[in-house]
Amino acid sequence: MRAIRLHSFGPAENLRYEEAPDPVPAEGEVRIRVAAAGVHLVDTALREGLALGPTPVPVALPTIPGREVAGTVDAVGPGVAETWRGRRVVAHLGMAPGGYAELAVTGAERLHVLPDGVSEAHALAMVGTGRTAMGVLQFAELGPEDTVVVLAAAGGIGNLLVQYARSAGARVVGVAGGPEKVAAVRGVGADLAVDYTDPGWAERVTEKFGRRPATYLLEGVGGPAARTAIGLLAKGGTHLSYGYAATGFDPDGQAVLPPEEAARLGVDSRSVLGPPMFERIGGMENVRVLEERALGLVAAGTVTPLVRRYPLAEAARAHRELESRGTVGKVVLVPV
């Protein structure tokens, strides 16, 4: 098979498109002929050899990166029902990499069957990135009385949060960087889409909706833009932080307010990243619950994920453009 392999930690150019042995499914596993493989910002950190959250840095190189795949089961290991063969599926591979390839193996318990009419790329966008969005939304009871500000609203998670909030009847302000991303945010239904590279972006929000209009701020970027957005929260508003993508993977860049500052502003500011997210579903071992919720939304047509596709051979370019914030939606590699 053809695959992307990482032989040494470092820049995106270290990702090589080359021949690799076909994987063979072990007991309890299936092999998937990959139609779409997901690229996550975490992948770029692992490529550099950086530990990020619970995901371990590969200890043996070369390795095939990637932990999200969708495609068709073409082989089954011992103990797996033959009825899986030929089925369209999507799976998050967990802590085991191997997704950037024409073939990938995973445990049968990780599989979700794709409903008719749901593309592999859209399902892929929901099984990992979408489950994070569902994890964030556990802390937000959105309705028509809410005004929701979403940062990085053109990103893989952000565009899903915008669409979900609109489906709940909320007014949505989507914040993104650059004309292409602002147009994409407007296209997924934001009532107002603003460009955070414009120094006056927060004033545009208050001009349209009034001073401190937001009941919710949903952001995974941290840094100055998040601090500015916190100033848009009304008293009694809620700031949910799920990351720090704008800070070079520095956890100290997460924009959660100190308790005394949150009290002064009259807002709830908290991190929902990691343990808080999984506590709501009874532990990380139950993460499939969030995957099922996410896939249910795309099957029902409640959300349609934004996707940017790259040929598998161009994984290095996909990494570079993701790191430089040059992508819109979920980044997907397609074997061709």
Side-chain angles (χ1 to χ4, degrees), residues 41 133 136 140 142 144-166 168-250 252-258 261-271 306 308 321-329:
L41 198 59
V136 173
L142 304 181
E145 70 283 359
D146 288 306
T147 298
V148 182
V149 175
V150 179
L151 297 195
I157 296 174
N159 87 90
L160 301 178
L161 296 175
V162 169
Q163 293 182 63
Y164 183 91
R166 285 293 294 132
R171 298 187 301 182
V172 183
V173 176
V175 185
E180 180 191 8
K181 292 187 177 184
V182 169
V185 172
R186 194 176 296 116
V188 295
D191 296 279
L192 176 65
V194 295
D195 187 342
Y196 70 79
T197 65
D198 174 2
W201 71 265
E203 285 72 20
R204 287 195 57 204
V205 178
T206 57
E207 285 170 6
K208 184 173 180 67
F209 295 122
R211 182 174 176 273
R212 295 183 65 179
T215 53
Y216 283 96
L217 166 62
L218 310 178
E219 62 85 16
V221 298
R227 292 304 299 254
T228 298
I230 288 171
L232 295 171
L233 278 172
K235 283 193 174 182
T238 299
H239 165 219
L240 301 178
S241 171
Y242 56 90
Y244 36 88
T247 68
F249 303 119
D250 177 10
D252 292 336
Q254 201 167 7
V256 177
L257 296 179
E261 186 176 355
R264 179 177 60 80
L265 293 173
V267 302
D268 175 14
S269 178
R270 54 178 147 156
S271 172
L306 293 176
R308 176 157 292 180
E321 293 184 4
L322 181 60
E323 289 176 291
S324 65
R325 304 183 199 174
T327 62
V328 171

Determine the minimum heavy-atom distance between [X] and [Y], stating which atoms define it.
X	Y	value
Ala255	Ser269	O-OG, 4.3 Å
Pro213	Thr147	O-CB, 3.5 Å
Arg171	Asp191	CA-OD2, 3.2 Å
Leu218	Tyr242	C-CE2, 4.1 Å
Val188	Gln163	O-CG, 3.7 Å
Leu142	Ala168	O-CB, 3.7 Å

Taking 4.0 angstrom as the limit, do Arg325 and Glu180 come out as a salt bridge?
no
Electrostatic pair Arg227-Glu219, nearest N-O below 4.0 angstrom:
no
For Arg211 and Thr206, test the side chains for any donor-to-acceptor distance below 3.5 angstrom and give the result as yes or no.
no
Under a 3.5 Å threshold, yes or no: a donor from one side chain and an acceptor from the other, between Gln254 and Ser241?
yes
Around Tyr164, counting heavy atoms of other residues, nucleotides and ligands shown, do more than 12 lie under 6.0 Å from its OH?
no
Contact between [X] and [Y] at the side-chain level, heavy atoms closer than 4.5 Å - yes or no?
X	Y	value
Leu232	Phe209	no
Arg212	Leu265	yes
His239	Leu233	yes

Is Arg204 reaching over with its side chain to a backbone N or O of Leu192, donor-acceptor style, under 3.5 angstrom?
no
CZ/Arg186 to NZ/Lys181 distance, rounded to the nearest 0.5 angstrom?
15.0 Å
CG/Leu322 to OG1/Thr327 distance, rounded to the nearest 0.5 angstrom?
4.5 Å
Quick check on side chain to side chain contact (heavy atoms under 4.5 Å, CB included): which of [options] does [X] satisfy it with?
X	options	value
Asn159	Leu306, Val150, Val185	Leu306
Leu217	Val148, Leu151, Thr238	Leu151
Trp201	Val182, Asp195, Thr228	Thr228

